[in-house]
Amino acid sequence: MSELDIKNQVYVDLLRDSGFKAVYADPQNKHHLINLLNNVLPEGVTVSDIVEYRDREQMQDSVYSKKTVLDLVCRDDQGRVFSVEVQRDADWSMFKRCVYYASQQYHWQLLEAEEYESLAPVYEIAFLKEKVPHEDEAAWDTDHIISQFGFVENRTGEFAPPTIFITFVEMGRFTKSETECKSYRDRLFHWMKNGGMMKEEPEYTGNDREMQGLVEAARIAAFPPDKMKVYKKDIMTELDIIIENRKNYKKGLAEGKAEGLAEGAHDKALSTAKNLLAEGIASDIVAKCTDLPLDEVKALM
C-alpha cells in the first residue's frame with residue numbers, strides 16, 4: 001500500500017499522525033495509551049493513570065518563536081509529562097527536534113513564584129518508521145529497537161535528577177513476523193508497523209484481549225461520526241502538505257527552466273526535498289515529487 005493509498009484501508013496506520021491521534025489521543029482509549037507508554041519508557045518508570053490530555057499546539061515564547069503542533073501530550077497522576085510523536089523518516093536531526101519539544105514542555109510548567117523543585121520530568125517519545133544510524137550497529141536488532149537518552153555525568157555515568165528524557169522506538173528495525181511475536185510488546189510493535197496494511201486482524205489477537213481491544217480501536221469503520229470527521233480532516237491535512245510541497249517544487253522547477261538555469265532548478269529541487277523530509281514525508285514520496293533520484297534524497301536525511 002502506497003503512502004497515498006488510504007481509501008481501502010480497514011485499520012488506521014499508527015505510524016501516521018492521523019492514525020496515531022485517532023487511537024492514542026482519544027481519551028476512550030486511555031488504557032491503550034498507558035500500555036503503549038509502559039512498553040517503551042525507561043526501566044523503573046511506570047504510568048498508572050493519565051489525568052490530562054494537553055493541547056497539542058505549543059505556546060510560543062515570542063511572536064518570532066517557531067510554532068509547533070505535537071501528536072500527543074499528556075500528564076499522569078504523578079505530574080509527569082509525556083509527549084509522543086510519530087515520524088515516517090528519521091535521522092539524528094530528529095533528536096534535536098525531540099529535545100526542542102521536550103524543552104518547551106519542561107519550560108512551560110512553572111508559573112510565576114513557583115519553585116524549580118516542583119518541575120516534573122518530561123518524557124519525549126518518538127516512534128520512527130525508519131532506522132536511525134548508530135555507531136555500533138551490531139548492538140541494534142529486532143529485539144533492541146528502543147534508544148533511551150537522559151542526562152548522565154561523563155566520568156562516572158551517574159544519572160542526573162529526572163528532568164528530560166528522550167526515547168526513540170525504531171520501528172524500521174522490527175522485522176518479526178506474526179508467528180514470531182511471542183510477547184505483548186512484540187505484538188504491539190508488529191501491529192503498529194503493519195496494522196494499516198492489513199484487511200483482517202492478525203492471528204495473535206486470538207488469546208490477547210488487550211490486542212483485541214487495540215485492533216478494534218484502530219478499525220476505521222467503527223469510528224463514530226464525529227471521530228470520523230476529525231480523522232478525515234487529519235488525513236486531508238497530511239495530503240495537503242504533500243500536494244502543496246509538490247506544487248511549490250513544480251513552480252520552482254518551471255521558473256528555473258524559464259530562466260534556463262538547470263543548476264538552479266536542481267538546487268530548488270534539493271531545497272524542496274529538504275522541506276518535505278522535514279515535514280516527515282517518506283523519502284520515496286519526496287523522490288517522486290521532486291524527480292530526484294532516491295539515493296540523492298536519502299543523502300539529505
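Everything numeric here is computed off the predicted structure, so don't read it as measured data. Nothing fancy with the numbering, it's 1 onward along the sequence.
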Does Gln109 have any side-chain hydrogen bond (donor to acceptor under 3.5 Å, both in side chains) partners at least two apart in sequence or in another chain, and if so, which? none
Between CG on residue Leu14 and NZ on residue Lys21, distance to nearest 0.5 Å: 13.5 Å
So do Val169 and Phe189 actually touch side chain to side chain, heavy atoms under 4.5 Å? yes
Which heavy atom of Ile145 sits nearest to which heavy atom of Thr142, and what is that distance? CG2-O, 3.7 Å
In short, Ala269 meets Thr290 closest at the heavy-atom pair O-CG2, 4.0 Å
Any chance you could measure Glu153, atom CD, to Glu158, atom CD, to the nearest 0.5 Å? 7.0 Å
Report whether Val99 and Ile164 are members of the same hydrophobic cluster (ILVMFWY, side-chain heavy atoms less than 4.5 Å apart, transitive linking). yes
Pairs where residues 273-301 contributes a residue and the test ring pair (Phe, Tyr, Trp, His ring centres under 6.0 Å) is met, not counting sequence neighbours: none
Val45 and Phe159: same hydrophobic cluster, using ILVMFWY side-chain contacts below 4.5 Å? no
Which heavy-atom pair separates Pro121 from Pro162 by the least distance, and what is that distance? CG-CB, 3.7 Å
Any side-chain heavy-atom pair of Leu37 and Val84 under 4.5 Å: yes
Arg16/Val86 under side-chain contact (heavy atoms from CB on, under 4.5 Å): CA gap, chis, key distance, verdict: CA-CA 6 Å; Arg16 294 188 72 93; Val86 292; 5.9 Å; no
Salt bridge or not for Lys182 and Asp186, using N-O below 4.0 Å? no
Of all the heavy-atom pairs spanning Asn29 and Lys227, show the shortest one and how long it is. ND2-NZ, 3.8 Å
Is it the case that Ser118 and Glu115 place a side-chain donor and acceptor less than 3.5 Å from each other? no
Does some side-chain heavy atom of Cys98 sit less than 4.5 Å from a side-chain heavy atom of Glu85? no
Hey, could you give me the CZ/OG1 distance between Arg80 and Thr46, rounded to the nearest 0.5 Å? 7.5 Å
With sequence neighbours excluded, give me every ring pair (Phe, Tyr, Trp, His ring centres under 6.0 Å) pair touching residues 17-39. Phe20-Tyr24
Decide yes or no for Val73 and Asp55: does some side-chain heavy atom of the first lie under 4.5 Å from some side-chain heavy atom of the second? no
Count the heavy atoms of every other residue, nucleotide or ligand shown that sit under 6.0 Å from CG of Asp226, and state whether that count exceeds 12. yes
Can you list the residues that meet the side-chain hydrogen bond (donor to acceptor under 3.5 Å, both in side chains) rule with Ser283, with sequence neighbours excluded? none
Decide yes or no for Asn35 and Glu210: does some side-chain heavy atom of the first lie under 4.5 Å from some side-chain heavy atom of the second? yes
Measure up the Phe168 and Phe149 rings against each other and bin them: parallel (under 30°), tilted (30 to 60°), perpendicular (over 60°). perpendicular
State, with a plain yes or no, whether a side-chain heavy atom of Lys30 is found less than 4.5 Å away from one of Ile34. yes
Tyr123 and ring-ring contact (aromatic ring centres under 6.0 Å, His included): which partner among Tyr101, Phe165, Tyr106? Phe165
Going from CG on Asp17 to CG on Asp234, what distance comes out if it is rounded to the nearest 0.5 angstrom? 8.5 Å
ring-ring contact (aromatic ring centres under 6.0 Å, His included) partner of Trp191, chosen from Tyr184, Phe174, Tyr11: Tyr11
Listed by chain and number, what are the side-chain hydrogen bond (donor to acceptor under 3.5 Å, both in side chains) partners of Asn39, not counting sequence neighbours? none
Evaluate side-chain contact (heavy atoms from CB on, under 4.5 Å) for Leu270 paired with Glu296, printing each intermediate quantity in order. CA-CA 9 Å; Leu270 291 174; Glu296 189 170 4; 3.5 Å; yes
Are Leu36 and Met192 side-chain neighbours, meaning at least one heavy-atom pair lies under 4.5 Å? yes
Between Gln212 and Thr205, a side-chain donor and acceptor under 3.5 Å: no
Are Glu130 and Met94 close enough that some pair of their side-chain heavy atoms sits under 4.5 Å apart? no
Lys274, NZ: over 12 other non-hydrogen atoms inside 6.0 angstrom: no
Pairwise distance OG1(Thr167) to CZ(Phe127) - rounded to 0.5 angstrom: 9.0 Å
Across all chains, not counting sequence neighbours, the side-chain hydrogen bond (donor to acceptor under 3.5 Å, both in side chains) partners of Tyr204 are His190
In terms of hydrophobic clustering (I, L, V, M, F, W, Y; side-chain heavy atoms under 4.5 Å; direct or indirect links), are Tyr53 and Phe223 co-clustered? yes
Could you pull out the closest heavy-atom pair between Ser18 and Ile235, with the gap in Å? OG-CD1, 3.1 Å
For Val215 and Met198, what are the C-alpha separation, side-chain angles and deciding distance, and is it a side-chain contact (heavy atoms from CB on, under 4.5 Å)? CA-CA 11 Å; Val215 169; Met198 293 184 175; over 6 Å; no
Straight-line distance of Leu119 CG to His107 NE2, nearest 0.5 Å: 10.5 Å
Whether Arg173 and Glu137 form a salt bridge (side-chain N of Lys/Arg under 4.0 Å from carboxylate O of Asp/Glu) is what I want to check. yes
What pair of heavy atoms forms the shortest contact from Val132 to Glu170, and how long is it? N-OE1, 2.9 Å
Indicate if Leu294 and Leu300 have the same hydrophobic cluster label, given that clusters are the connected sets of ILVMFWY residues with side-chain heavy-atom separations under 4.5 angstrom. no
Give the C-alpha distance, both sets of side-chain angles, the deciding distance and a yes or no for side-chain contact (heavy atoms from CB on, under 4.5 Å) between Phe82 and Leu33. CA-CA 11 Å; Phe82 304 91; Leu33 174 59; over 6 Å; no
